[in-house]
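The structure appears below as structure tokens.
Here the structure is a predicted model, which is why all the values come from computation and not from measurement. Counting starts at 1 for both ligands and their atoms, in listed order. The first residue of the sequence shown is numbered 1, and numbering continues consecutively from there.
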Amino acid sequence: MELLGKSKNELRDFCASLGEPAYRGGQLYHALYAERRFSVREISNLPAALRERLAAETTFTLPTVRQTYASQDGAVRYLFGLPDSGADAKRKSGPASVEAVFMPSAGRQTICISTQAGCAVDCHFCLTAQLGLIRNLTAAEILAQILIPLEQHKTQLAPQTNIVLMGQGEPLLNFEAVMAALRIILDPEGLALSPKHVTLSTSGIVPGIERLAQEKVRPKLAISLNASNDEQRDAIMPINRKYPLAALLATCRNYPLRPWEHLTFEYVMLGGVNDSAEDARRVVRLLANLKSVKVNLIPWNPGELPYRESSADDIEAFRKILVDRGVPTFVRYSRGRDVMAACGQLALLNIAPANADIPAPQP
Ligand code: SF4
């Protein structure tokens, strides 16, 4: 029995199946996720005989940290090697890998995690799209991207942890595993993070947003907008042909925001593509009927794709048009720009067979 990724109820049922009181499963759950005890032998509030039995009959499998890259700005990028799956066997480049980024700042750390290896959505400005979809991650693989960086930085953690589901993959196309991980991340007895500090970013999968709206426990929602009309969005995000702006924004209008919540629209600034004053005015009109929105402008990260950065003046002019018309708008530079910050860059690099494996904290 693999423990990582299991819910509280699954662990309670498992302990009951061993003839133990079910509450032992709750203790196990708290130890694994809240205390990050990756070895059942370290869980001292379990009886010694149960610890021995769990050590013999269970596993707790973390992915390998294939490589880490430390940025001058303090961010650490992780490349995790995933265990082989049937699909991986067909890949010439070996088992799949995914990225996460640990970003410390004053009073908090933010961890950007992946939800799929590769991605099928095919946004043209995104390097991950070039991988195609390799496979969905399991809830365990999603959780491990948080547990490992927290454990490796445990002596210097700030009081608050933010999680953003903005790495490789479209979270709403791996809905079950993402929600299973989120229920543990947001559970006060699990990782105990506030929903105010956890953000799921989607390319605009309308049925997925509608499904997320029904969830009792859910993170904040960010929509990757990146264009000011359908023609432009069709050209850079083909998913827009399936879920065009009118349908996406209608779903956003009906999305049940909590009193403290904003709907965030992410807008990657692509020089000469979507960054004109006319684009900014169209974005204002698109968002006019939505309550509690904010916009994050993300300067394009130069890479191998055929786009260029917007100038600082164009970004500021765009921001000012939105702000002057009452749309709260912020410019968000990617952390770790000197160590390949565009999503998918590390995984693509891994296709060149040069990385040494580094052991993750092991049970
Ligand atoms: Fe997938 Fe996100 Fe990249 Fe689009 S931007 S291809 S949704 S990983």
Donor-acceptor under 3.5 Å (E42 side chain, S39 main chain):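 Side chain of E42 to backbone of S39, a donor-acceptor pair under 3.5 Å: no, none is there.
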
Subset of ligand 1 atoms that lie under 4.0 Å from at least one heavy atom of [X]:
X: G169; value: 8 (S)
X: A129; value: 6 (S)
X: C119; value: 1 (Fe), 6 (S), 7 (S), 8 (S)

Ligand 1-proximal atoms of D122, by part, heavy-atom distance under 4.0 Å: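 The backbone, only.
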
Between E170 and Q116, is any side-chain donor less than 3.5 angstrom from a side-chain acceptor?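 No.
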
For R108, is the CZ atom crowded, meaning more than 12 foreign heavy atoms sit under 6.0 Å from it?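 Incorrect, the count does not exceed 12.
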
Nearest candidate to atom 4 (Fe) of ligand 1, where distance is taken over non-hydrogen atoms, out of S114, C123, S224: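 Ranked by closest heavy atom to atom 4 (Fe) of ligand 1, first place is C123.
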
N, O or S atom of C126 closer to atom 1 (Fe) of ligand 1 than 2.8 Å: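 It does not: C126 brings no N, O or S atom closer than 2.8 Å to atom 1 (Fe) of ligand 1.
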
Interatomic spacing from SG in C123 to CD1 in I236 - rounded to 0.5 Å: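 It is 8.0 Å, given to the nearest 0.5 Å.
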
Measuring only between side-chain heavy atoms, which start at C-beta, is I163 closer than 4.5 Å to L191?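 The answer is no; the side chains never approach within 4.5 Å.
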
